[in-house]
Every structure is written in structure tokens, then in C-alpha cells.
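In what follows, a single structure is set out as C-alpha cells and then discussed.
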There are 2 protein chains.
Amino acid sequence: MLISTKGRYALRVLIDMAEHSGSEYIKLKDIAERQEISEKYLESIVKQLVKNKIVTGLRGKGGGYKLSKAPDEINVGEVLRIMEGSLAPVACMEETNLPCPRVGECRTREFWRGLNDAIRRYTDSFTIADLTRSYSADYDYVI
Amino acid sequence: MLISTKGRYALRVLIDMAEHSGSEYIKLKDIAERQEISEKYLESIVKQLVKNKIVTGLRGKGGGYKLSKAPDEINVGEVLRIMEGSLAPVACMEETNLPCPRVGECRTREFWRGLNDAIRRYTDSFTIADLTRSYSADYDYVI
DNA sequence: GTTTTTCATAGTATAACAGTATGTTGGTAT
DNA sequence: ATACCAACATACTGTTATACTATGAAAAAC
């Protein structure tokens, strides 16, 4: 499993913020209820997003979280990499890891590199805006 | 991490067999030594490959394992799926899992489906033959 | 100064990973 | 026949990650 609940929940939180905030702070309790995810667990997830400047927190009454950037400025691949640490499909494709001692005789390295690239290309091609429900497309507008 | 040592080692074993066997049985001990992997651990991996008809085992002296099919008939994606159980990047993309109860309101499903497809397309586009060192390409031929 | 919300730290049950250990079965060579 | 060899089978183990829960401190609004 490449993506754990951390990455999946993070995307849902960001989409929720993009869909519900009008430059207002939203409290985690609301998001947790809408998304049916434990608020306490979400705290640990959102903390990571704050640390990486994806969202901004404000304490106290009327506080909460909001996106630090516009939804179309938030890259999905970057978010997933923050939450999962890495999206490398194998250990030898993680930048932090020192090169494999068998690299000289390895028959599979290029195969893994290609898979790594495919995953990165795909995930990096989406923004949070791409994942929000298009307002005009399916909103039943009624006066 | 999408791929564990099970999947990585399985590919190395199959490549080793493809490169060293001339329709002969190779004993695990030799593969384990060449690949510098615990023979005992490899046993558990090869057992899976036998069960799935990727390799064939023969007991006793002169016995060992060999590929059940030609290297270019063995699909890398299939091998990885056998070893890892699934290559789905998220739980909701596993065929065996029952559909997510939030599917109606899920904003991320199509994103995950796309990632799942990208991984499957890539891994299914390789055979073991693609991963073996091409004999003619870089062998220093000397009389 | 009380309420509200984020922020911070610590703990916990479960499962998967990456093996190890011991023994059995079935072929081969002598 | 029997000694040997290598696959086959089952059970166990240490470590790490996952997916949380619990308790409390800090700051902002009222």
C-alpha cells in the first residue's frame, strides 16, 4: 500500500477546506464530522500540513484552519510526499537513502526508476482544485 | 512503500534464473549466494512462485528451480501482484475490498483510479526478459 | 477569566515485514 | 538399500509502521 490514511485523509481535509472556506477559518471539528474521521487523528495530520505551510492555523474562538494558498496552487503530489515521507515504490528510489551497494549489477534499477517517475508524474499533475467538485458543473442553482 | 522485499527479491530470483539456467534446474543456494539474500527467506518467496506456476521445483540431488515459462512470457506486474497481494496504491482500489461507503461523495476516487491504472499499465508493460542483461549488447566476446 | 480552538507530547493495540529455526518429503547417486 | 541432497512445510520472533487515543498547555475571542 503506497498511500496510508495519512495521505488520503490529508487530501480529504484540503478538499473540504477548498470547498467550504471562503477565506474563513474552519475548525477541525467541522471537517472531522463532515468527513467522518476522528478529530484527534486529524490533528496529527493537519499539524504536518501546518508545518509545511500548506494550511494555516489560528487558535481560539473563531479560529481553525484555512488553506495557505489557492487550491490550484496546492500540488497533490507534494501533499502526499509530505504525509507519506516519500512516494517511492521501493527503498532504493528514496532520495534520502544511500545508494544500493549492488547498483553496478542491478537489473531492476531502471525498472524501479521508471515506476517512480510514473507515480511522480501522475501525482504531480493534479492540484487540490482538480479534486474539488466543479461548482458550475453539478450545483443545482436555485434562487 | 508499494513494493516490499518479497516483490523485489522475487524479480531478482526470476532474472537470475533467466540468466543462468539453460533449461536446467538451479538450486536456491546458488541464487541466494549470487543475490546475497538469505536462502531461507528466499524459500518462502519461491514457494509463492511455485504455487502460481511461475517457477517449477524439483527435489533431490540435481534438483532446484527453473522458470515454468520463457522469460518473455513472464509478466512483471503479475509477479509483483502475486508477491504483494495487490499493487493498489490505496485500499479502495483493491478488487477484493468491498466498495467504500462514501463512494457517492468521494472527490478522490477518480484520482486514485488513475494512479492505480498508471501503476498497472507500467508494471504490466515489462516481462522478465526485459529485465535481463541483453547478451549481445554488452558482453565482451572473446575467442 | 472563561470558553474555544489549536498545538504538543505520550501512549497503545494491531498488523505487516523480514527474517530464523526445525523438521519432513521426495528424488538421485552410490 | 541407504546415504545424500534439495525442495517443501510449519512455527516462531524481533522490529517497525499504522491508526489511532489520552492528557494537557497555549493562545485568541468574548
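Below, each value reflects all heavy atoms present in this structure, side chains not excepted, and no hydrogens, waters or symmetry copies. Note that this is a predicted model, so its numbers are computed, not measured. The chains referred to below are lettered A, B, ... by the order of the sequence lines, with proteins before strands, and numbering in each begins at 1.
The CD-P distance, from A:Glu39 to D:dT23, rounds to 15 Å in whole Å. Separating the CD atom of B:Glu43 from the P atom of D:dA9 is a distance of 11 Å, rounded to the nearest angstrom. In this structure, A:Lys27 atom NZ and C:dT5 atom P are separated by 4 Å, rounded to whole Å. Between the CD atom of B:Gln48 and the P atom of D:dC8 there is a distance of 13 Å, given to the nearest Å. Rounded to whole Å, atom C1' of D:dA17 lies 15 Å from atom CD1 of A:Ile3. Atom pair B:Leu49:CG and D:dC8:P shows a separation of 11 Å (rounding to whole Å applied). In this structure, B:Leu42 places its CG atom 16 Å from C1' of C:dA21, rounding to the nearest Å. A straight line from CD1 of B:Ile45 to P of C:dC17 spans 12 Å, rounded to a whole angstrom.
In this structure, A:Asn52 contributes its side chain and A:Ile54 its backbone to no donor-acceptor pair below 3.5 Å. A donor-acceptor pair under 3.5 Å is formed between the side chain of B:Glu19 and the backbone N or O of B:Arg133.
When each of A:Ile119, A:Leu87, A:Asp124 is checked for a side-chain contact (heavy atoms from CB on, under 4.5 Å) with A:Leu80, only A:Leu87 meets the rule.
B:Arg81 and B:Glu78 are not joined by a salt bridge, as no carboxylate oxygen comes within less than 4.0 angstrom of a charged side-chain nitrogen. With salt bridges taken as basic N to acidic carboxylate O contacts below 4.0 Å, one links A:Lys29 and A:Glu33.
Note on A:Met83 and B:Phe111: same hydrophobic cluster, where clusters join Ile, Leu, Val, Met, Phe, Trp and Tyr whose side-chain heavy atoms are under 4.5 Å apart, directly or indirectly.
Looking at heavy-atom distances under 4.0 Å, A:Val50 makes contact with sugar-phosphate atoms alone, never a base. When heavy atoms are screened at a 4.0 angstrom cut-off, A:Tyr65 is found touching the sugar-phosphate backbone but no base atom. At the heavy-atom level, A:Gly62 lies nowhere under 4.0 Å from the strands shown. Among the heavy atoms of the strands, none lies under 4.0 Å from B:Lys29.
Donor-acceptor pairing under 3.5 Å, judged by distance alone, is present between the side chain of A:Lys40 and the base of D:dT23.
Checked against C:dT6, C:dT22, C:dT28, the side chain of B:Lys61 finds its nearest nucleotide in C:dT28. Closest contact between the side chain of B:Thr5 and the listed nucleotides D:dA19, D:dA27, C:dA18 involves C:dA18. Proximity note for B:Leu28 (side chain, C-beta onward) versus C:dC7, D:dA7, C:dG19: the nearest is D:dA7.
The side chain of B:Ser4 contributes an N or O atom lying less than 4.0 Å from OP1 or OP2 of C:dA18. Look at A:Tyr25 and you won't find any side-chain N or O under 4.0 angstrom from OP1 or OP2 of C:dT6. The side chain of A:Lys47 places no N or O atom within less than 4.0 Å of a non-bridging phosphate oxygen (OP1 or OP2) of C:dT6. Between A:Tyr41 and D:dT18, a side-chain N or O to OP1/OP2 separation shorter than 4.0 Å is absent. The phosphate of C:dT20 has OP1 or OP2 within less than 4.0 Å of a side-chain N or O from B:Ser38.
Each of B:Val46 and A:Leu58 was assigned the nucleotide of DNA chain D with the nearest heavy atom; the assignment lying further toward the 5' end belongs to B:Val46.
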